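What follows is a set of notes on a single structure, which appears directly below.
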Amino acid sequence: MNLIEIAEKLKEAENSKRPCAPIREHLTEKDLDSAYKIQQLNIEKEVKNGKKIVGKKIGLTSLKVQEQLGVNQPDFGILLDSMEIPANEEVDFSKFMQPKVEAEIAFILKNDLIGTNNTIADIEKAIDYAVMAIEVVGSRIENWNIKITDTIADNASSSHFLLGTQRVALDQLDLINNKMELYINEEKVSEGDGTSCLGNPLKAVVWLANKMASINNPLRKGEIILSGALGPMAEFKKGDVISASIEGLGDLQFSTK
C-alpha cells in the first residue's frame, strides 16, 4: 500500500466514522517522514475543498506518552478552520471519533518564525497573547491502537478545538505553575500545570517553530498554536458537559448532544 492509498484509508475512516486498522504495518518502524507526507496529503485535500489552515498543534508533549510510543520528540498536526467549535455551545457528538479531551494553552502569533534556531526569547517576542484552550483529540485508528507513525499520519490525532476569549499577555502569566483542572459533568478528571508540557509550554513552541522552519513551512503571523496538554486526556461521551480552567486564563466549556 503506497502513501496515497494509506492517506485515502484514513480519510475513508473519517468520512464513514468507522475506524480503520493501524497503518504502521505499511511503513517501516519510525518512518516519520512518510507519516508526515500522509498527513500532508490529507491536509492538501481539505484545503483544495475550501478549508483554511489556521494554525498548528503540538502533540506528544508528555514524556510519559513519548516513552509509551518509543519516541524522544513531540509531533505536530495542522489546524483547519473547520476544527474550531464555539465555546459554551452544544455540539453534535457525531462530529467526533473515539474522542478524548485535554486542556492546554493556545498562543496567537504576531510575527513569523522563519529561523531554525529559535530560542524561548524568540518565541516570547513572536507571541501576541495566550488564551485558554480545550482540544478534542480523536483517532481514525481502531481502539486508539497507535504508535508514532499512526498518530502522525492521522494529523497527530486531531479532531476539534475551542478557544477562550480572555486574551492575556505572556508577562501576566506563570506558564510553568499555572494550575489546570478539567471536569466532565462537574467531576474532576484531569489536573496538571505547565511542567507537564515539556517542562514549559514555550519549550514545545520552540520545538515546533524550529521543526516547521526546517521543512519550509514556518509558523506565521496570526496562527493559532496549541502548545500541548497540561495534564492527562480524558474520554467523554454523548451528553457530557466538559469544562476546564487554567490559572490566569479563565475557564471554558462545551457540551455534547
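Predicted, not measured: the structure shown is a model, and the values here were computed from it.
- Atom CG of residue D75 and atom CG of residue L208 lie 10.0 Å apart, to the nearest 0.5 angstrom.
- Nearest approach of I58 to A204, heavy atoms of both residues: CD1-O, 3.3 Å.
- Side-chain polar atoms of S139 and S157 form no donor-acceptor pair below 3.5 angstrom.
- Following chains of ILVMFWY side-chain contacts shorter than 4.5 Å, one cannot reach I176 starting from L202, and the two form parts of different hydrophobic clusters.
- Annotation: K203, atom NZ; neighbour count of heavy atoms from other residues, nucleotides and ligands within 6.0 Å does not exceed 12.
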Taking it one step at a time, do E191 and K188 satisfy salt bridge (charged side-chain N to carboxylate O under 4.0 Å, His left out)?
-> CA-CA 8 Å; E191 61 183 341; K188 187 187 294 186; 3.3 Å; yes
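- D112 places no side-chain N or O within 3.5 Å of a backbone atom of I114 that could act as its donor or acceptor partner.
- Side chain of E5 to backbone of N2: a donor-acceptor contact under 3.5 angstrom is found.
- For K95, the NZ atom counts as loosely surrounded, since its 6.0 Å shell holds 12 or fewer non-hydrogen atoms of other residues, nucleotides or ligands.
- By the rule that hydrophobic residues join a cluster once side-chain heavy atoms approach within less than 4.5 Å of another member, W144 and I148 end up as members of separate clusters.
- A chain of hydrophobic side-chain contacts below 4.5 Å, direct or via other Ile, Leu, Val, Met, Phe, Trp or Tyr residues, connects V131 to L109.
- Both V168 and L230 belong to a common hydrophobic cluster when Ile, Leu, Val, Met, Phe, Trp and Tyr are linked at side-chain heavy-atom distances under 4.5 angstrom.
- A donor-acceptor pair is defined here as one N or O able to donate and one able to accept, closer than 3.5 Å; no such pair exists between the side chain of S255 and the backbone of I242.
- The local environment of CD in E187 is sparse, with at most 12 non-hydrogen atoms from other residues, nucleotides or ligands closer than 6.0 Å.
- A side-chain donor-acceptor contact under 3.5 Å links D31 to the backbone of S34.
- Heavy atoms only, all atoms of each residue included: A106 and I224 are closest at CB-CG2, 4.4 Å.
- Between F96 and F236, the ring center distance clears the sub-6.0 Å criterion.
- The minimum heavy-atom distance between T149 and I23, with the atom names listed, is O-CD1, 3.8 Å.
- The number of heavy-atom neighbours closer than 6.0 Å to CG of N117, taken from other residues, nucleotides and ligands shown, is 12 or below.
- Under the 4.5 Å side-chain heavy-atom criterion for grouping Ile, Leu, Val, Met, Phe, Trp and Tyr, L198 is not connected to L219 through any hydrophobic cluster.
- Shown here for E235 and I184, the closest heavy-atom pair between the two residues is O-CD1, 3.1 Å.
- Between the CD1 atom in I246 and the CG atom in N178 there is a gap of 6.5 Å [rounded to 0.5 Å].
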Residues F161, V137; criterion side chain to side chain contact (heavy atoms under 4.5 Å, CB included); working and verdict = CA-CA 8 Å; F161 67 94; V137 290; over 6 Å; no
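- To the nearest 0.5 Å, the span separating CD on E104 from OG1 on T61 amounts to 7.5 Å.
- Clustering of Ile, Leu, Val, Met, Phe, Trp and Tyr by side-chain heavy atoms under 4.5 Å joins M97 with none of the others.
- Separation of atoms NZ (K48) and CD (E46) is listed at 12.5 Å; rounding is to 0.5 Å.
- For the atom pair CG of L10 and CD1 of I6, the computed distance is 8.0 Å after rounding to the nearest 0.5 Å.
- A donor-acceptor pair under 3.5 Å is formed between the side chain of E223 and the backbone N or O of R220.
- Applying the ring pair (Phe, Tyr, Trp, His ring centres under 6.0 Å) test to pairs two or more places apart or on separate chains, those with a residue in residues 66-85 are Y36-F76.
- Legend: salt bridge (charged side-chain N to carboxylate O under 4.0 Å, His left out) pairs involving residues 122-150, not counting sequence neighbours, sorted by first then second residue: R24-D150, K57-E135, R140-D154.
- Judged purely by distance below 3.5 Å, without hydrogens or angles, the side chains of N210 and N118 pair a donor atom with an acceptor atom.
- Note that CE of M1 and CD of E8 are 9.0 Å apart. Values are rounded to the nearest 0.5 Å.
- Between P201 and G194 the shortest heavy-atom distance is CD-O, 3.7 Å.
- When every heavy atom of L162 is checked against every heavy atom of P86, the shortest pair comes out as CD1-O, 4.4 Å.
- A donor-acceptor contact under 3.5 angstrom links the side chains of D240 and N185, judged on distance only.
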